[in-house]
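See structure below.
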Amino acid sequence: MSNSTYYIHFLIVILSTSVISFVDCFDSEYDGPVSIILYHSTTADPEPKWTERGLITIQNVVTGDMSVSQKPVIASVASELQSLSKKDGIYRIKSVVRTKTGKEISFLSFVKACLLVESYLSDSVTVSVDYAGTVIAVTLSPTISVCEGHPVNTADLRNFNTVLQFRHMEQGPMPDTAAYIQKLEREREARERGDVKDNRSFLAKYWIYIVPVVIFAVLSGASTPEAGGGR
């Protein structure tokens, strides 16, 4: 086997190994499951007292396949939510993301408690991921936009009705650098051939010569003493 053939086989082996490693890494990043534990604070205390609300499980971050299971709201928590709503307080949630590799990261979100109570605990949770499948945000949104102040019985606040939304980070438009470079190359070649015509006006072409002459004339006129005057 010649040296060139040996090196070609060596490169093929290295590239194959790299591709397999990349695919394994890609799969481990994109495949689930990813768990998101939801905690909430139902009081108006400056320091939130977190209690567990439920669990979101993402089976696959490519397809956005996920589900949520939430605990029933006990009477004391329903009363706290109703009281928080009457005080025009803020309902807060903390989302703790746990990947299958053991990593944890927390996200905070909040809405006005009256929006949650008057919608009978209906809300929307949006999970956003980046291009690598990493969760970068978990946000809570109400299903109504205005608090009208109508009374809600605590008996009607027994279960959260949550709609899950999954959002991939959208990649912005990429600049067409190849076309721009080709355009510059064509312009350079046209200038070298003399094909480019200068369509600028006379002033635009020769202003660099005209301006010094005008300035000199103005300064010369200002320095010349005025003629005339009485004896």
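We use all heavy atoms of the structure for the numbers below, so side chains are in, but hydrogens, waters and symmetry mates are not.
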Any side-chain donor near an acceptor of the partner, R53 and T162, under 3.5 Å: yes
Any donor-acceptor pair under 3.5 Å from S79 side chain to A75 backbone: yes
Minimum heavy-atom distance P46-R92, with the two atoms named: O-NH1, 3.5 Å
CG on D123 to NE2 on H40, rounded to 0.5 Å: 11.0 Å
ILVMFWY cluster, L219 and V213 together (side-chain gap under 4.5 Å): no
V135 and S128, any side-chain heavy atoms less than 4.5 Å apart: no
Backbone of T139 reached by a side-chain donor or acceptor of S109 within 3.5 Å: no
Flag side-chain contact, heavy atom, 4.5 Å: R167 against V127: no
Interatomic spacing from CG in L140 to CZ in F107 - rounded to 0.5 Å: 14.5 Å
Verify same cluster id: L38, L55 (apolar side-chain graph, 4.5 Å): no
H168 side-chain N/O to V61 backbone N/O, donor-acceptor pair under 3.5 Å: yes
L164 CG to T57 OG1 distance, which is reported to the nearest 0.5 Å: 10.0 Å
Side-chain heavy-atom pair I36, V96 within 4.5 angstrom cut-off: no
D45 versus T43, side-chain donor and acceptor atoms under 3.5 Å: yes
Neighbour count above 12 (heavy atom, 6.0 Å) for F110 CZ: no
Co-membership, hydrophobic cluster, residues V146 and L116, 4.5 Å side-chain: no
Side-chain heavy atoms of F166 within contact of V129, under 4.5 Å: yes
Distance in Å, L81 CG paired with L121 CG, rounded so as to fall on 0.5 Å steps: 6.5 Å
Exercise: identify the closest heavy-atom pair between W50 and I93: CZ3-C, 3.7 Å
Non-hydrogen side-chain atoms of T63 and N60 separated by less than 4.5 Å: yes
Polar side-chain atom of S119 near backbone of L115 as donor-acceptor pair, under 3.5 Å: yes
Under 3.5 Å: donor-acceptor pair, side chain of N153, backbone of A155: no
Distance (rounded to the nearest 0.5 Å) between L108 CG and S41 OG: 10.5 Å
Heavy-atom pair with the smallest gap, counting every atom of V117 and S85: CG2-CB, 3.8 Å
Reported CZ-to-NZ distance for the pair R98 and K103, which is rounded to 0.5 angstrom: 15.5 Å
Which atom of I56 lies closest to which atom of M66, heavy atoms considered: CG2-SD, 4.3 Å
Candidate pair H150 and V152, rule side-chain contact (heavy atoms from CB on, under 4.5 Å), full reasoning: CA-CA 7 Å; H150 62 77; V152 177; 3.8 Å; yes
Close side-chain approach of Q59 and P33, heavy atoms under 4.5 Å: no
Greater than 12 external heavy atoms within 6.0 Å of E47's CD: no
Closest heavy-atom pair and its distance - C114, D88: SG-OD1, 4.3 Å
ILVMFWY cluster, Y39 and V125 together (side-chain gap under 4.5 Å): no
Backbone of E148 reached by a side-chain donor or acceptor of E118 within 3.5 Å: yes
Same apolar cluster (I L V M F W Y, side chains within < 4.5 Å links), F160/V68: yes
